[in-house]
Amino acid sequence: MNGNDIFLALEHIGDDLVEQAEFEAFPAQWRRLRPLLTAALIAVLLLAGLVGSAVAYGHGWFSGFFRESTGQSLTQGQMAYLQQSEHILGQAQTHDGWTIELRSALNDGTTAYIILGVTAPEGTSLETRMEENERLDILGPGNENMADVLTCTRGVDWDSLHMDWVEDGDGLEHTKNYVIQIDPVKTGGLVDPFGPKAVYHIRIENIQLQSRDTDYYQHLLDTKYQGQDGIMLTPEEAERLWITTIPARGVWEFDLTLNGDTSKREILNKPITTQASVYQREKGGIYEVVDVTLTSVILRPLSVTLSSEGVEYPQFATSDNQVFAVRKDGSRIQLLPYGTQMRRYQELKAESPLIFEELDHILLADGTMIPVS
């Protein structure tokens, strides 16, 4: 469950907070971290110079990110790819006792990741209070508009943009990593989003904590809304339910460009028939699983693009129908749906880097196997 899920489940949060939640949450499929990780929500990590930081820098930051997100060790090929492709930046700013560091960036010419790091004052916990499966705290940038946290040179537009907390691996409660995942529009823009002219600007205005007043909510359930399902709070009740505080004031700003490994491989030598969940315009916009003609499968180190013809908005992978990159040793990397649905293709994000030489085939949800040669 992400922040957006929680807001919608309560059925009383305004559109502004729902919009904010969408900017602060990875797709549900990415939440394969340990319970400690799924409990947290927005920003970042530790100061250079803390115990163990030299070891972390020596191995880069993304090796830990992918290990935590999958629960699996990386192969030697994946480690070599990260060592070659990860751009360690190491720019830090401190305001009001909180340090945010622009740590590292990684991209494959289609999708990009940026790791920030945050260190709160000692004694401050960045862990999120949980009640069953619901977050009781939302910590993150205090920007009035979450879309202003990351902007870019005019001419670069987003397909999708997600932000979320992940563990930094040092075991300290007052440090966290904050990962921004960017999926720019690749065609039709005035500027190459992964070229030198595309300058990305990160601006975090204050650190904001929203805490749910559980006593007040329980009072409402015991009185006004007793015995009711699917309650709808009034705007006044919704505003009172969430208490906002500002743990740190200041503006943290960073600029960077994105470049990286743009290698890719087409593995489909001729069209094949498989199945996908397809948008049915004539049936009122529902999705149905039908036979489709798959015309292209392009591998990149962090993503796979599947293209089709004759249908609209194909979904080859969904939460119920999974797609995998299968290695030669039989181990699998899940390929996850992510971003805006494209009219003729679906872009899938790899749980961990794809090393072409290690792969045997792509396994589609209907059992179709596409050899990687």
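The analysis underlying the following values was restricted to heavy atoms, covering all of them including side chains, and did not include hydrogens, waters or symmetry mates. Note that the coordinates shown come from a computational prediction; the quantities given were computed from them, not determined experimentally.
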Engineer: Apply the test side-chain hydrogen bond (donor to acceptor under 3.5 Å, both in side chains) to residues Asn107 and His87: give CA-CA distance (whole Å), side-chain angles for both, the deciding distance (0.1 Å), then the verdict.
Structural biologist: CA-CA 9 Å; Asn107 88 83; His87 296 272; 5.8 Å; no
Engineer: Considering only NZ, NE, NH1 and NH2 on the basic side and carboxylate oxygens on the acidic side, decide whether Arg129 and Glu131 come within less than 4.0 Å.
Structural biologist: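 No.
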Engineer: Check whether Thr273 reaches the backbone of Thr293 with its side chain - one donor and one acceptor, N or O, closer than 3.5 Å.
Structural biologist: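 A pair under 3.5 Å: no.
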Engineer: Might you point out which heavy atoms bring Ser352 and Phe66 nearest each other, and give the distance in Å?
Structural biologist: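 Between these two residues, the closest heavy atoms are CA-CD2, 3.7 Å.
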Engineer: How long is the span from the OG atom in Ser308 to the CD atom in Gln315, to the nearest 0.5 Å?
Structural biologist: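 Ser308 OG to Gln315 CD: 11.5 Å, rounded to 0.5 Å.
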Engineer: When rounded to the nearest 0.5 angstrom, what distance separates CH2 in Trp61 from CG in Leu89?
Structural biologist: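 Going from CH2 on Trp61 over to CG on Leu89, the span is 12.0 Å.
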Engineer: Using the rule that two of Ile, Leu, Val, Met, Phe, Trp, Tyr join whenever any of their side-chain heavy atoms come within less than 4.5 Å, decide whether Leu302 and Val326 are in one cluster.
Structural biologist: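 No, it is not one cluster - the side chains of Leu302 and Val326 are not joined through contacts under 4.5 Å.
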Engineer: Does Ile298 belong to the same Ile/Leu/Val/Met/Phe/Trp/Tyr cluster as Tyr81, with side-chain heavy atoms less than 4.5 Å apart forming each link?
Structural biologist: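 In one cluster: no.
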Engineer: Over all heavy atoms of both residues, which pair between Leu294 and Leu268 is shortest? Give the atoms and the distance, please.
Structural biologist: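 Minimum heavy-atom separation between Leu294 and Leu268: O-CD2, 3.4 Å.
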Engineer: Would you mind writing out the side-chain donor-acceptor pairs for residues 246-254 within the sub-3.5 Å range, not counting sequence neighbours?
Structural biologist:
residue, atom, partner, partner atom, Å
Trp252, NE1, Gln93, O, 3.3
Trp252, NE1, Trp98, O, 3.3
Glu253, OE1, Arg203, NH1, 3.4
Glu253, OE2, His201, NE2, 2.9
Glu253, OE2, Arg203, NH1, 3.1

Engineer: Under a 3.5 Å distance rule, please check whether Gln181 uses its side chain to pair with a backbone N or O of Tyr113 as donor and acceptor.
Structural biologist: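 No, Gln181 side chain to Tyr113 backbone: no donor-acceptor pair under 3.5 Å.
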Engineer: Take a 6.0 Å sphere around CD of Glu239 and say whether it holds more than 12 heavy atoms from other residues, nucleotides or ligands.
Structural biologist: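 Open: at most 12 neighbouring heavy atoms sit under 6.0 Å from CD of Glu239.
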Engineer: Can you check side-chain contact (heavy atoms from CB on, under 4.5 Å) on Ser303 and Leu348, steps first, answer last?
Structural biologist: CA-CA 6 Å; Ser303 61; Leu348 306 179; over 6 Å; no
Engineer: Treating Glu86 as the side-chain partner and Ser104 as the backbone partner, does any N or O pair qualify as donor plus acceptor under 3.5 Å?
Structural biologist: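 Checking the backbone N and O of Ser104 against the side chain of Glu86, no donor-acceptor pair under 3.5 Å is found.
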Engineer: Taking the side chain as every heavy atom from C-beta outward, state whether Phe316 and Thr274 have any pair of such atoms under 4.5 Å apart.
Structural biologist: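 Phe316 reaches Thr274 side chain to side chain.
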Engineer: Can you list the residues that meet the side-chain hydrogen bond (donor to acceptor under 3.5 Å, both in side chains) rule with Ser211, with sequence neighbours excluded?
Structural biologist: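 Residues passing side-chain hydrogen bond (donor to acceptor under 3.5 Å, both in side chains) with Ser211: Asp137.
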Engineer: Under the 3.5 angstrom rule, does the side chain of Asn206 hit a backbone N or O of Gln208 as a donor-acceptor pair?
Structural biologist: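 Judged by distance alone, no pair lies under 3.5 Å.
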Engineer: Could you tell me whether Glu312 and Arg344 make a salt bridge, using a distance below 4.0 angstrom between a side-chain N and a carboxylate O?
Structural biologist: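 Answer for the salt bridge query: no.
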Engineer: Please report the closest heavy-atom contact between Trp158 and Ile182, naming both atoms and the distance.
Structural biologist: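 Closest approach of Trp158 to Ile182, heavy atoms only: CZ3-CG2, 3.3 Å.
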Engineer: Please find the pair of heavy atoms, one from Leu139 and one from Leu126, that lie closest to each other, and give the distance.
Structural biologist: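 Heavy-atom minimum between the residues: CD2-CD2, 3.5 Å.
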Engineer: Between Ala325 and Leu354, which heavy-atom pair has the shortest distance, and what is it?
Structural biologist: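 Minimum heavy-atom separation between Ala325 and Leu354: CB-CD2, 3.8 Å.
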Engineer: Any side-chain heavy-atom pair from Val278 and Val292 closer than 4.5 angstrom?
Structural biologist: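 Yes, their side chains come closer than 4.5 Å.
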Engineer: If I take atom CD from residue Gln322 and atom CG from residue Leu364, how far apart are they, to the nearest 0.5 angstrom?
Structural biologist: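 Nearest 0.5 Å value for the CD-CG distance: 13.0 Å.
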Engineer: Could you walk me through whether Thr368 and Asp366 pass the side-chain hydrogen bond (donor to acceptor under 3.5 Å, both in side chains) check?
Structural biologist: CA-CA 6 Å; Thr368 300; Asp366 68 348; 2.8 Å; yes
Engineer: When you group the ILVMFWY residues by side-chain heavy-atom contacts below 4.5 Å and let the links chain together, are Leu220 and Ile231 in the same group?
Structural biologist: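 Yes, same cluster.
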Engineer: Dump the intermediate steps for side-chain contact (heavy atoms from CB on, under 4.5 Å) on Met130 and Arg135, then the final yes or no.
Structural biologist: CA-CA 5 Å; Met130 298 290 292; Arg135 289 187 178 97; 3.7 Å; yes
Engineer: Applying salt bridge (charged side-chain N to carboxylate O under 4.0 Å, His left out) as the test, list every pair that has at least one member in residues 216-227; sequence neighbours left out.
Structural biologist: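 Passing the test, one end in residues 216-227: Lys224-Glu237.
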Engineer: Please enumerate all residues that pass ring pair (Phe, Tyr, Trp, His ring centres under 6.0 Å) together with Phe356, with sequence neighbours excluded.
Structural biologist: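 In terms of ring pair (Phe, Tyr, Trp, His ring centres under 6.0 Å), with neighbours along the sequence ignored, Phe356 is linked to no residue.
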Engineer: Using the rule that Ile, Leu, Val, Met, Phe, Trp and Tyr join whenever any side-chain heavy atoms are under 4.5 Å apart, tell me whether Leu363 and Ile272 fall into a single cluster.
Structural biologist: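 Unlinked, Leu363 and Ile272 end up in two clusters.
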Engineer: Between the side chain of Asp255 and the main-chain N/O of Val199, is any donor-acceptor distance below 3.5 Å?
Structural biologist: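 It does not hold such a pair.
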Engineer: If only atom types and distance count, is the side chain of Ser69 paired as donor or acceptor with the main-chain N or O of Phe65 below 3.5 Å?
Structural biologist: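 Yes; at least one donor-acceptor contact below 3.5 Å.
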Engineer: Do the side chains of His162 and Ile180 get nearer than 4.5 Å, heavy atoms only?
Structural biologist: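 Not touching, per the 4.5 Å side-chain cut-off.
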Engineer: Which distance, rounded to the nearest 0.5 Å, do you find between the CD1 of Ile88 and the CD of Gln83?
Structural biologist: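 It is 9.0 Å, given to the nearest 0.5 Å.
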Engineer: Same cluster or not: Phe324 versus Leu74, using hydrophobic residues (I, L, V, M, F, W, Y) connected whenever any side-chain heavy atoms lie under 4.5 Å apart?
Structural biologist: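 Looking at the clustering, Leu74 is in a separate group from Phe324.
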Engineer: Is it the case that atom CD in Gln76 sees more than 12 heavy atoms from other parts of the structure closer than 6.0 Å?
Structural biologist: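 Count not over threshold, so no.
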Engineer: Judged by atom type as modelled, is there a donor-acceptor pair below 3.5 Å linking the side chain of Ser331 to the main-chain atoms of Arg327?
Structural biologist: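 No: the side chain of Ser331 does not pair with the backbone of Arg327.
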Engineer: Evaluate side-chain contact (heavy atoms from CB on, under 4.5 Å) for Asp96 paired with Ile207, printing each intermediate quantity in order.
Structural biologist: CA-CA 10 Å; Asp96 213 4; Ile207 303 295; over 6 Å; no
Engineer: Is the number of heavy atoms from other residues, nucleotides or ligands within 6.0 Å of CD (Gln228) greater than 12?
Structural biologist: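 Check passes, neighbour count above 12.
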Engineer: Quick one: pull up CG in Leu106 and OG in Ser85 and give me the separation to the nearest 0.5 Å.
Structural biologist: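 Here the rounded value is 6.5 Å.
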Engineer: Is there a donor-acceptor contact under 3.5 Å from the side chain of Asn143 to the main chain of Met146?
Structural biologist: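 Not confirmed, Asn143 side chain does not pair with Met146 backbone.
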Engineer: For the CD atom of Glu351 and the CD atom of Gln334, what is their distance to the nearest 0.5 Å?
Structural biologist: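 Nearest 0.5 Å value for the CD-CD distance: 5.0 Å.
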Engineer: List the atom of Ala105, the atom of Leu258, and the distance in Å for their closest heavy-atom pair.
Structural biologist: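 Minimum heavy-atom separation between Ala105 and Leu258: CB-CD2, 3.9 Å.
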Engineer: Run Thr110 and Glu347 through side-chain contact (heavy atoms from CB on, under 4.5 Å) and show every step you take.
Structural biologist: CA-CA 9 Å; Thr110 294; Glu347 191 170 276; 2.7 Å; yes
Engineer: Using the side-chain hydrogen bond (donor to acceptor under 3.5 Å, both in side chains) rule, take Asp183 and Thr111 through it: C-alpha gap first, then chi angles, then the decisive distance, then the call.
Structural biologist: CA-CA 5 Å; Asp183 196 10; Thr111 190; 4.8 Å; no
Engineer: Is Thr223 reaching over with its side chain to a backbone N or O of His219, donor-acceptor style, under 3.5 angstrom?
Structural biologist: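 A pair under 3.5 Å: yes.
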Engineer: Arg300: which residues meet the salt bridge (Lys or Arg N to Asp or Glu O under 4.0 Å) condition with it, sequence neighbours left out?
Structural biologist: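 For Arg300 there are no salt bridge (Lys or Arg N to Asp or Glu O under 4.0 Å) partners, ignoring immediate neighbours.
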Engineer: I'd like to check the ring pair (Phe, Tyr, Trp, His ring centres under 6.0 Å) partners of Tyr279; sequence neighbours left out, ordered by chain and number.
Structural biologist: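 Here the qualifying residues are Tyr287, Tyr313.
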Engineer: Any sub-3.5 Å donor-acceptor pair from Thr94's side-chain atoms to Gly97's backbone N or O?
Structural biologist: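 No; zero donor-acceptor contacts below 3.5 Å.
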